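These figures come from a predicted structure and were not determined experimentally. In what follows, every chain begins at residue 1, and chains take the letters A, B, ... in the order their sequences are listed.
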Amino acid sequence: AQSVTQLDSQVPVFEEAPVELRCNYSSSVSVYLFWYVQYPNQGLQLLLKYLSGSTLVESINGFEAEFNKSQTSFHLRKPSVHISDTAEYFCAVSGSNFGNEKLTFGTGTRLTIIP
Amino acid sequence: ETGVTQSPTHLIKTRGQQVTLRCSSQSGHNTVSWYQQALGQGPQFIFQYYREEENGRGNFPPRFSGLQFPNYSSELNVNALELDDSALYLCASSLDLGARLNGYTFGSGTRLTVV
């Protein structure tokens with residue numbers, strides 16, 4: 001079984017400032033890790049994922065996350081945020097074995113960008 | 001390539017009633033997963049269907065049931081509705097169970113309100 005902890009329920013950040021959204025996971029098996037974004041009244045959109053290989057993964061809109069196995073973390077970062085980044089962000093984990101790839105989500109972090 | 005379509009988008013039901021939610025998976029996907037997202041929470045896994053067979057179930061009572069059709073579309077049925085069933089119900093489709101290939105594609109959800 002897996003679990004995900006997102007320590008910050010809300011993060012307010014000034015526009016063009018950097019941001020880090022924290023995510024820690026627990027699992028007895030090897031995992032895949034994901035960040036999803038949810039805009040108001042919408043479903044979830046995949047932001048980025050770690051499956052294997054390089055521990056630093058990037059999205060097309062400037063976000064990045066680093067898989068740290070020793071600290072069981074997968075924190076999300078962006079060097080300069082924009083108003084359009086206002087959304088709810090969910091960290092998720094799944095097992096990496098075929099048949100055990102169901103997603104387990106954290107409780108989410110609401111990112112609010114202050115103009 | 002069409003995405004995941006869920007219907008209806010909104011629904012109001014009375015406690016004790018039954019409800020059916022529908023999901024059309026993305027073209028080429030053979031797996032459908034259902035999630036319940038209560039207000040202010042992360043999505044919780046309900047169950048997953050792979051090639052018309054249930055492949056795993058979360059911690060939900062038997063009054064939550066589902067099925068998958070030969071065209072890989074899916075239904076979620078909830079009997080004897082309770083107030084706590086009020087939530088956003090998300091459907092996600094994928095290829096061959098899960099996360100490794102192109103990951104999960106989520107629909108925009110069905111907002112169920114039980115009064």
Worksheet entry | Same cluster (ILVMFWY, side-chain, under 4.5 Å), B:Leu83 and B:Ile46 | yes
Worksheet entry | Value rounded to 0.5 Å, distance of CD in B:Gln37 from OG1 in A:Thr107 | 11.0 Å
Worksheet item: How long is the span from the CD atom in A:Gln42 to the CG atom in B:Leu88, to the nearest 0.5 Å?
Response: 11.0 Å
Response to the item:
d(A:Tyr36 OH, B:Leu90 CG) to nearest 0.5 Å is 11.0 Å
Item to complete: Indicate if B:Phe106 and A:Phe34 have the same hydrophobic cluster label, given that clusters are the connected sets of ILVMFWY residues with side-chain heavy-atom separations under 4.5 angstrom.
Response: yes
Discussion item. Contact between A:Leu103 and B:Ser33 at the side-chain level, heavy atoms closer than 4.5 Å - yes or no?
Written reply: no
Response to the item:
If one checks every heavy atom of A:Gln6 against chain B at 4.5 Å, the contacting part turns out to be neither
Worksheet, complete the sentence: side-chain hydrogen bond (donor to acceptor under 3.5 Å, both in side chains) pairs touching residues 63-78 of chain A, sequence neighbours excluded, are A:Glu20-A:Arg77, A:Asn68-A:Ser70, A:Lys78-A:Asp85
Item to complete: Treat each ILVMFWY residue as a node, draw an edge where side-chain heavy atoms are under 4.5 Å apart, and state whether A:Phe67 and A:Phe90 are in one component.
Response: no
Worksheet entry | Any donor-acceptor N/O pair, B:Tyr35 side chain to A:Phe105 backbone, under 3.5 Å | no
Item to complete: For A:Tyr39, check ring pair (Phe, Tyr, Trp, His ring centres under 6.0 Å) against everything at least two apart and list the hits.
Response: none
